[in-house]
J.: 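Below is the structure I would like to discuss, written out as structure tokens.
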Amino acid sequence: MARKQPGFFAVHKMQCLGALSELMRRPLGNLLTLAVLAFALTLPASFYLLAKNITLVAQAWQNPTQLTVYLAPQVSPGTATQLSEQLAAWPEVENVRYISPQQGLTEFREQAGFAQALTLLEENPLPAVVVIRPVAAWQGSDQAAQLAAKLRAEATVDEVRLDSDWLQRLAAIKSLAITLAALISGLMLFAVFLIVGNTLRLQVLNQKDEIQVMKLVGATDSFILRPYLYTGAWYGLLGGIAAWVLAAIVTILLDGAVAQLAALYDSGFRLVGLSWDETLILLMTAAFLGLLAARLSAGRHLKEIEPV
């Protein structure tokens, strides 16, 4: 009676588990390879976390744009109050807050801690100030700049400042962090590709005699290549798991320092690590890179090996 041949999925399962067991037979050499892969994958993961947390900080500090209008020194309190009421009626303005020179001096004395030094001044040097918050449609930088130009045209206005300038600097830092993360990630992922490809290339060359024997008995290139594909995927997957552990350790170690820095700015921000979906993407990317490197490197060298 003819022996039943294993099915398609059974063959793949057997070769997949066989590739894993083959890795376990050489623990020292493979451990070193996996360590290099783990560190190579940890760098892009860490830079991604840096860009992610900077983006979260930028989103948390995206306060509505405000315009600070400094009135001319000779403007009387009545004229300043009248101007505030006039500006509050503009369709571009959501609300207006008038700060008299005396009120501004009182707030400055309380917040800056220069109470004793300010008592030495013979007169109040602070001008009257009107703080304006535009409506939502005028919160953009271009619209706010147009509104500032319109305010400067008022005769009693001395200077207009946009309070969102520091947000633009923060946005520039965020853009730089994202660009740096993308660049470093691309370079390190390419390094992972080269490491796996070179490792499997050497493995193919070391097993040259076995491959020749398999081809002599009729094994196809795809059948011989399949264990190497699973080996590459295992390399990437195990390296990705180790990189996730290292990234989690980095997050835990830096969280205390970040929390202490945030406390100086009266913020309760805490460092955010990789979520479950981001972890899954990391593992899938690492496994795919290992699979692709095995396909290109081992596949090319298998075609060059022919039975003698």
Side-chain angles (χ1 to χ4, degrees), residues 2-45 184-247 277-308:
R3 185 177 179 181
K4 184 179 180 181
Q5 297 294 326
F8 177 80
F9 292 104
V11 173
H12 276 265
K13 179 181 178 181
M14 180 178 60
Q15 291 181 319
C16 179
L17 296 178
L20 180 60
S21 62
E22 185 67 23
L23 290 177
M24 300 302 180
R25 291 194 186 100
R26 302 187 304 274
L28 181 59
N30 289 323
L31 184 62
L32 294 176
T33 302
L34 289 174
V36 175
L37 291 175
F39 284 111
L41 290 169
T42 301
L43 278 177
I184 297 297
S185 298
L187 292 175
M188 297 312 298
L189 291 178
F190 184 67
V192 171
F193 176 85
L194 293 179
I195 292 170
V196 176
N198 185 65
T199 300
L200 292 178
R201 179 184 68 85
L202 295 176
Q203 187 173 340
V204 169
L205 294 178
N206 290 334
Q207 297 176 346
K208 180 178 179 180
D209 294 338
E210 299 177 16
I211 294 173
Q212 288 177 335
V213 172
M214 294 178 67
K215 288 191 174 184
L216 280 174
V217 297
T220 62
D221 286 346
S222 60
F223 180 84
I224 301 174
L225 177 62
R226 205 174 297 150
Y228 296 102
L229 297 180
Y230 284 119
T231 301
W234 279 118
Y235 270 129
L237 182 61
L238 295 176
I241 294 174
W244 177 82
V245 173
L246 291 176
D277 54 344
E278 292 167 343
T279 301
L280 182 60
I281 292 175
L282 170 64
L283 298 181
M284 291 177 61
T285 302
F288 175 76
L289 281 175
L291 182 66
L292 181 63
R295 178 66 184 84
L296 296 179
S297 179
R300 184 175 67 86
H301 286 84
L302 279 177
K303 293 179 181 180
E304 297 175 354
I305 299 177
E306 295 294 337
V308 293

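One-based numbering along the sequence shown. Since the model is a prediction, treat every value here as computed from it, not as a measurement. Computation of the quantities below employed the complete heavy-atom set of this structure, encompassing side-chain atoms and omitting hydrogens, waters and symmetry-equivalent molecules.
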J.: Say you draw a straight line from CG of Leu41 to CD1 of Ile241; how long is it, rounded to the nearest 0.5 Å?
T.: 11.5 Å
J.: Applying side chain to side chain contact (heavy atoms under 4.5 Å, CB included), can you list everything that pairs with Leu205, at least two apart in sequence or on another chain?
T.: Arg201, His301
J.: Sequence neighbours left out, what passes side chain to side chain contact (heavy atoms under 4.5 Å, CB included) with Ala293? Give chain and number order.
T.: Phe193, Val196
J.: So, using side chain to side chain contact (heavy atoms under 4.5 Å, CB included) as the criterion, who are the partners of Ile224 when residues are at least two apart?
T.: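 Testing Ile224 for side chain to side chain contact (heavy atoms under 4.5 Å, CB included), a comparison that skips the adjacent residues, returns Ile211, Met214, Lys215, Ala219, Tyr228, Leu302.
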J.: Work out which heavy atom in Ala45 is nearest to a heavy atom in Ala247; give both atom names and the distance.
T.: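 In this case the closest contact between Ala45 and Ala247 is CB-CB, 4.3 Å.
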J.: Can you list everything that forms a side chain to side chain donor-acceptor pair (under 3.5 Å) with Arg295? Sequence neighbours excluded, please.
T.: none
J.: Rounded to the nearest 0.5 Å, how far does CG of Leu283 lie from CZ of Phe288?
T.: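 Rounded to the nearest 0.5 Å, the CZ-CG separation comes to 15.0 Å.
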J.: Would you list the atom pairs, donor with acceptor, under 3.5 Å between side chains in residues 30-40 and any protein atom, with sequence neighbours excluded?
T.:
residue, atom, partner, partner atom, Å
Asn30, OD1, Tyr235, OH, 2.5
Asn30, ND2, Leu23, O, 2.7
Asn30, ND2, Arg26, O, 2.8
Thr33, OG1, Gly29, O, 3.2

J.: What residues form a salt bridge (charged side-chain N to carboxylate O under 4.0 Å, His left out) with Glu278, not counting sequence neighbours?
T.: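 Only Lys52 meet the salt bridge (charged side-chain N to carboxylate O under 4.0 Å, His left out) criterion with Glu278.
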J.: Listed by chain and number, what are the side chain to side chain donor-acceptor pair (under 3.5 Å) partners of Thr42, not counting sequence neighbours?
T.: none
J.: With a 4.5 Å limit on heavy-atom distance, are the side chains of Ile195 and Thr199 in contact?
T.: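 In contact.
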J.: How would you list, by chain and number, every residue that makes a side chain to side chain donor-acceptor pair (under 3.5 Å) with Trp244, sequence neighbours excluded?
T.: Thr279
J.: Suppose we screen for side chain to side chain contact (heavy atoms under 4.5 Å, CB included). Which residues come up paired with Ala294, at least two apart in sequence or across chains?
T.: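 Applying side chain to side chain contact (heavy atoms under 4.5 Å, CB included) to Ala294 gives Leu200, Leu229.
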J.: Mind checking the CG-CG spacing from Leu237 to Leu282? Nearest 0.5 Å is all I need.
T.: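 The CG atom of Leu237 sits 10.0 Å away from the CG atom of Leu282.
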J.: Return the set of residues passing side chain to side chain donor-acceptor pair (under 3.5 Å) with Ser21 (not counting sequence neighbours), or none when no residue passes.
T.: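 Per chain and number, Ser21 pairs via side chain to side chain donor-acceptor pair (under 3.5 Å) with no residue.
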